[in-house]
Amino acid sequence: MVHDSVRAIRWENDQLVLLDQRLLPSEYTEITYQTVNDVADAIRDMVVRGAPAIGITAAFGIVIAARQRYQDNPESWKQSIETDLEYLAASRPTAVNLFWAIDHMRACFANIDSDPVASLLAEAKKIHDEDIAANKAMGDFGASLIQPGSAVLTHCNAGALATGGYGTALGVIRSAYGQDKLQQVYADETRPWLQGARLTAWELLQDQIPVTLIAEGAASWLMKQGKVQWIIVGSDRIAANGDVANKIGTYQLAVSARHHGVRFMVAAPTSTVDMDMSNGDLIPIESRDSNELLQCGGQAMAAPGASAWNPVFDVTPAELVDAIVTERGIVERPNAEKMLAMMQNA
Ligand code: MRU
């Protein structure tokens, strides 16, 4: 059985269609986008989220921008589209796939002088298709590390919803489950957006993969009981030395995993590796509105007058990572030398 039915991004009738992930699991609603600014706002407002999905969405957003700019003025569209690229780039700072996709699409249109839409659309579709293929490859690489009868814990949502399809961390889980290696999948609820409780649980259940939720405060206790052998997460940006930025709470999982002898795997495509960042301290960490913590579903939750600190990513140092898995293979105990070798092995 193929456990792979969820897709969050579609190009249909010359328009971009996104599944509104803010409403899952209670509502399955899709939104159609006709302007690049609306696409950028969808990224910022979390209609679409997850590093590879953000990159793919931006690529389709650039197709929409080019269509409009070329129609407005076929002579000057390459200059005027830069405003759109800047607006897209300002949507979320941590996921490097966003900047990767913008650079990739800019390089693609640099040499086009006629109507750019068909070529850019083909390129955006290629980015989307290649992301799915990369996830399937890394799913199999990651699954090869997992012993039959294992239980795993994942954090946030690094699944089909967060990518072109199949997922990174959830891709490894899909592949391992398909090979009958997993006796249990645990998911952290992942406050404050509850990507684990809302999205990972929904996505796995869509594909008949049983899932058990835990509060993230229960993770160390789960490990202490010997109930889990691997932590498997995705990433928003991996530095050249193997330091990994991912959803806030990932770092404490890695610290605790090392303490308890639990192994720690990061699954991400090479488009998430930023060889221009020598180490994780340089990765920009997004901070979001404190109301995301102080409220839940628009209802006040915290004591009135309390303030909140809301960094939404953290950085796990490479020495706490047992394996980085990309579509090119497995980097065990990552460091700068091994990451460079992997990136040069195209
Ligand atoms: O704030 P989000 O939901 O965009 O954060 C997503 C994550 O942290 C994912 O783990 C990461 O982007 C990898 S997705 C394959």
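These numbers were taken from a predicted model, which means no experiment stands behind them. In listed order, ligands and their atoms are each counted from 1.
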**Request:** Mark the output for Asn246 as yes if a heavy-atom distance to ligand 1 is under 4.0 Å, and as no if none is.
**Result:** yes
**Message:** Among all the protein's non-hydrogen atoms, which is closest to atom 15 (C) of ligand 1, and how far away is it?
**Reply:** Thr168 OG1, 3.1 Å
**Message:** Consider side-chain contact (heavy atoms from CB on, under 4.5 Å). Of Thr212, Leu222, Ile214, which one does Lys227 pass it with?
**Reply:** Leu222
**Request:** Please state which part of His155 comes within less than 4.0 Å of ligand 1, counting heavy atoms only: side chain, backbone, both or neither.
**Result:** neither
**Fill in**
Between Leu199 and Leu24 the two heavy atoms that sit nearest each other are CD2-CB, 3.7 Å
**Asked** At a 4.0 Å threshold, what atoms of ligand 1 neighbour a non-hydrogen atom of Phe313?
**Response** 1 (O), 5 (O), 8 (O)
**Prompt:** Looking at ligand 1, does any of its N/O atoms fall within less than 3.5 Å of an N/O of Gln195?
**Reply:** yes
**Message:** Could you check whether Lys247 makes a cation-pi contact with Phe313, meaning its NZ or CZ is under 6.0 Å from the centre of the six-membered ring and within 45° of the ring axis?
**Reply:** yes
**Prompt:** Touching ligand 1 at all, Ala95? Heavy atoms, strictly under 4.0 Å?
**Reply:** no
**Fill in**
protein heavy-atom neighbour closest to atom 5 (O) of ligand 1 works out as Lys247 CE, 3.3 Å
**Request:** For Ala158, counting its heavy atoms only, list the atoms of ligand 1 lying under 4.0 Å from any of them.
**Result:** 14 (S), 15 (C)
**Asked** Linking I/L/V/M/F/W/Y whenever any side-chain heavy atoms sit under 4.5 Å apart, do Val325 and Ile238 land together?
**Response** no
**Request:** Measure Ala268 to ligand 1 on non-hydrogen atoms and call it side chain, backbone, both or neither using the 4.0 Å cut-off.
**Result:** neither
**Ring centers of Phe60, Trp11 separated by less than 6.0 Å** = yes
**Prompt:** Taking NZ, NE, NH1 and NH2 as the nitrogens, is one of them in Arg191 or Glu216 under 4.0 Å from a carboxylate oxygen of the other?
**Reply:** no
**Message:** Please determine whether the number of non-hydrogen atoms from other residues, nucleotides or ligands lying under 6.0 Å from atom CD of Glu337 exceeds 12.
**Reply:** no
**Message:** Show the atoms of ligand 1 that are less than 4.0 angstrom away from any heavy atom in Thr163.
**Reply:** 15 (C)
**Under 3.5 Å: N/O of Ala51 near N/O of ligand 1** = yes
**Item:** Check: Lys181 side chain, Ile146 main-chain N or O, donor-acceptor pair, under 3.5 Å
**Value:** yes
**Salt bridge flag under 4.0 Å for residues Arg92 and Asp236** = no
**Request:** Distance to 0.1 Å, residue and atom name: give those for the protein heavy atom nearest to atom 8 (O) of ligand 1.
**Result:** Asp236 OD1, 3.0 Å
**Request:** Give the contacting part of Cys156 toward ligand 1: side chain, backbone, both or neither, where contact means a heavy-atom distance below 4.0 Å.
**Result:** side chain
**Message:** Distance alone, cut at 3.5 Å: any donor-acceptor contact between the side chains of Gln208 and His3?
**Reply:** no
**Prompt:** Does Trp193 come within less than 4.0 angstrom of ligand 1, counting non-hydrogen atoms of the residue?
**Reply:** no
**Request:** Examine the proximity of ligand 1 to Val233 and report which part, side chain or backbone, both or neither, has a heavy atom under 4.0 Å away.
**Result:** neither
**Request:** Do me a favour and list the nearest non-hydrogen protein atom to atom 14 (S) of ligand 1 with residue, atom name and distance?
**Result:** Ala162 CB, 3.5 Å
**Fill in**
Closest to atom 4 (O) of ligand 1 (heavy atoms only, candidates Arg92, Gln21, Met46) is Arg92
